[in-house]
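Per chain, numbering begins at 1; letters A, B, ... match sequence-line order. This is a predicted model, so every value here is computed, not measured. All heavy atoms count here, side chains included; hydrogens, waters and symmetry mates do not.
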Amino acid sequence: MIRNILEQADKVDAKLAVLSKSAKKHTIMLTRKALTSESKDGENASSEDISALLEKEREEILHLQGLKKDLLEQCRDLTPADRVVLARLSNRPHITDFIDALFTDFFEQKGDHLYDEDPSIFGGIALFHGIPVTVLGHRKGSTVEENMACRFGMPCPEGYRKAMRLMGQAEKFGRPIITFIDTPGAYPGMEAEEHGQGEAIARSLAFMSHLSVPVIAVVTGEGNSGGALALSVCNRMLMLENAVYSVLSPEGFASILWKDSSRHEEACELMKLTAADLYENGIVDEVIPEPRGGAQTDPVSVYRSIEDAIARHLTPLMKMSPKEITADRHKKFRKL
Amino acid sequence: MQFSLRKNMEEELKEDPFITCKKCGRRSRKSQWISHYYACPVCGKLKNVSASYRLSVIFDKGSIRLQDQNITSQDPLNFPGYKEKLEATKDKTGLMESAVTATGKIGGQKAECIILDSRFFMGSMSDAVGEKVTRGIEYATKHHLPLIIFAASGGARMQEGIFSLMQMAKTSDAIEEYSRNGGLYISVLTHPTTGGVTASFATLADITLAEPGALIGFAGPRVIEQTIGKKLPAGFQRSEYLYQHGFVDKIVPREDLRETLMMLLKLHGMKVKEA
């Protein structure tokens with residue numbers, strides 16, 4: 001259902017873009033006529049004609065804007081399966097957008113300094129409200145080339161070892177850590193297995209559990225399996241309204257339980273993977289609202305909400321002692 | 001409740017006196033299987049064994065004390081059909097969960113032992129498994145005991161969704177705490193160890209041992225084949241393969257396990273003597 005709505009909204013958007021361009025052109029023509037009272041070649045139409053046309057266009061624009069609003073209104077009651085679609089949209093804001101919008105002076109750090117650089121984990125040092133922080137997360141990429149290089153956000157062991165390197169430095173220099181979670185899971189490939197995918201994730205979990213600096217994880221898209229958990233052992237877990245977080249992708253879940261991955265929508269209903277479900281179960285600490293129709297319809301408002309939420313949670317955490325911070329995180333996971 | 005090797009042998013000898021090997025298909029006398037520690041007397045293929053059998057193999061006779069026997073899954077998602085399946089599995093296996101925790105003595109040295117029994121939901125990680133494993137580790141931390149974990153798992157318990165996933169963080173946290181307190185953790189990877197168990201406590205040991213021929217990995221072979229679009233080479237993700245790639249210290253046949261454990265405890269300054 002959500003796919004239809006989004007498709008229609010896209011069509012309306014395209015029409016709107018054409019109309020507003022032409023309306024702009026007509027406005028300029030009118031102004032020029034009024035100023036010079038001369039007509040150039042190819043602009044034979046009278047001011048009245050252009051005015052009438054412009055009026056019509058403006059009406060059409062208003063109508064379309066209303067239509068779009070109505071369409072997005074239909075996104076009021078989304079099913080879990082709808083949210084999975086939204087969480088995976090390629091035009092949903094990604095980690096690079098969040099870093100640009102929320103942080104300043106970003107310095108990217110590369111490689112695990114052991115074996116390789118994994119672009120599916122993106123991170124470095126930056127300032128958040130003037131405070132040095134380490135920021136990192138999964139990167140899916142925005143273009144096809146980036147998607148391929150990042151394996152659509154599925155890290156190899158090198159990615160997790162790079163994350164540990166960055167987080168270890170954060171601890172050394174007393175920087176809080178902010179992670180962005182958006183991955184279909186750890187990469188299931190031959191080399192990933194040879195290089196110890198399981199071991200890398202396990203180390204990351206154990207390592208993060210004992211970090212003495214505050215860790216805030218923000219689930220922004222889909223967070224699946226150990227691949228997502230490996231960056232989310234945190235003091236506070238924040239989650240965008242339409243993001244999903246689960247033990248496995250709904251397709252994988254259906255495939256394992258019923259040997260039929262096409263039953264993924266049914267799986268979505270059972271898995272309790274939405275932000276609201278996870279908040280209710282005490283796993284997520286705050287749900288960050290999204291504009292109607294998903295984060296991609298108004299990314300700027302989403303950036304502002306995330307920034308506000310991080311600041312709100314970070315302030316009290318930064319007043320805690322290193323021991324209190326580790327104990328606070330231990331308490332969060334021990335009770336689950 | 002206590003187990004001893006002799007009692008198990010007597011019980012099992014009453015049933016069908018032959019066992020068919022799943023690999024080579026040869027039928028051999030049960031007594032022969034038992035004398036080979038449940039390895040096929042013909043081809044050496046290991047048979048999956050119960051947690052109680054494993055305890056009886058490594059611990060001194062009469063020293064085993066089971067812990068937390070009443071922890072059982074809470075069905076946190078109210079998953080359709082799950083409760084019934086749990087009850088049926090409990091009846092069939094006589095276990096409350098796949099994880100069995102116990103203390104016992106190895107050559108007189110007290111140790112904590114945690115075993116995942118693959119007969120119970122393929123040793124998959126449920127909230128109860130995570131809780132039991134964590135309590136076992138915490139007990140070892142508190143009483144400064146060496147820790148031995150036999151991992152065997154198909155991965156996450158799907159019916160428990162996100163709660164299954166969170167057990168990975170909980171158990172890894174407990175291992176890290178145990179390790180920072182100077183505890184010795186020996187992990188024994190058995191067939192199969194995959195998914196969330198591989199990606200948490202099973203691979204965080206000081207000494208990692210594996211049984212011969214066990215499947216050990218994060219992603220399952222079928223998923224990998226679908227992703228890369230080709231067949232995996234023979235022996236991929238087996239103990240020997242991990243040993244070659246540097247993730248296992250030693251592959252230990254069952255008959256040598258107790259002796260290997262005794263040696264490792266001795267090397268860590270513990271007093272061990274053969275009874």
| said: Just so I understand: if I count every heavy-atom pair under 4.5 Å between each of B:T194, B:L204, B:N78 and chain A, which residue has the most? | reply: B:L204
| note | Residue from B:A219, B:A199, B:S164 scoring the most non-hydrogen pairs under 4.5 Å with chain A is B:A199
Roughly how far, to the nearest 0.5 Å, is the [atom2] atom of [Y] from the [atom1] atom of [X]?
X      : Y      : atom1 : atom2 : value
B:I216 : A:E199 : CD1   : CD    : 13.0 Å
B:Q226 : A:S261 : CD    : OG    : 8.0 Å
B:L77  : A:L270 : CG    : CG    : 8.5 Å
B:E160 : A:K272 : CD    : NZ    : 12.0 Å
A:S255 : B:M158 : OG    : CE    : 9.5 Å
A:H195 : B:F247 : NE2   : CZ    : 8.0 Å

If you count every heavy atom of other residues, nucleotides or ligands that lies below 6.0 Å from [X] atom [atom1], does the total exceed 12?
X      : atom1 : answer
B:Y243 : OH    : no
B:Y139 : OH    : yes
A:E191 : CD    : no
B:N70  : CG    : no
A:E280 : CD    : no

To check you understand the geometry: which heavy-atom pair defines the closest contact between [X] and [Y], and what is its length?
X      : Y      : value
B:T203 : A:R203 : O-NH2, 3.6 Å
A:G189 : B:I224 : C-CG2, 4.0 Å
A:S246 : B:I162 : CA-CD1, 3.8 Å
B:L165 : A:G226 : CD1-N, 3.6 Å
B:A169 : A:L205 : N-CD1, 4.3 Å
B:S200 : A:A202 : O-CB, 3.2 Å

With a 4.5 angstrom heavy-atom cut-off, could you sort out which part of [X] is near chain A: side chain, backbone, both or neither?
X      : answer
B:E138 : side chain
B:R180 : side chain
B:P221 : neither
B:L242 : neither
B:F201 : neither

Would you tabulate the side-chain donor-acceptor contacts of residues 206-223 of chain A under 3.5 Å, counting partners in other chains and residues two or more places apart, or write 'none'?
unit_1, atom_1, unit_2, atom_2, d
A:S209, OG, A:A206, O, 2.6
A:H210, NE2, B:E177, OE1, 2.6
A:S212, OG, A:E171, OE2, 3.0
A:T220, OG1, A:I181, O, 3.3
A:E222, OE1, A:R88, NE, 3.0
A:E222, OE1, A:N224, ND2, 3.3
A:E222, OE2, A:K140, NZ, 2.9

What part of [X] lies closer than 4.5 angstrom to a heavy atom of chain B: side chain, backbone, both or neither?
X      : answer
A:L257 : side chain
A:L273 : neither
A:M271 : backbone
A:Y245 : both

| request: For residues 121-131 of chain B, pull every pair meeting salt bridge (Lys or Arg N to Asp or Glu O under 4.0 Å), keeping only residues two or more places apart or in separate chains. | output: A:R334-B:E131, B:E131-B:R135, B:E131-B:K170
Less than 4.5 Å apart, any side-chain heavy atom of [X] and any of [Y]?
X      : Y      : result
B:F163 : A:N281 : yes
A:R329 : B:D173 : no
B:M168 : A:I201 : yes

| said: Taking B:F218's backbone N and O only, do any of them form a donor-acceptor pair with A:E193's side chain (distance below 3.5 Å, no angle check)? | reply: yes
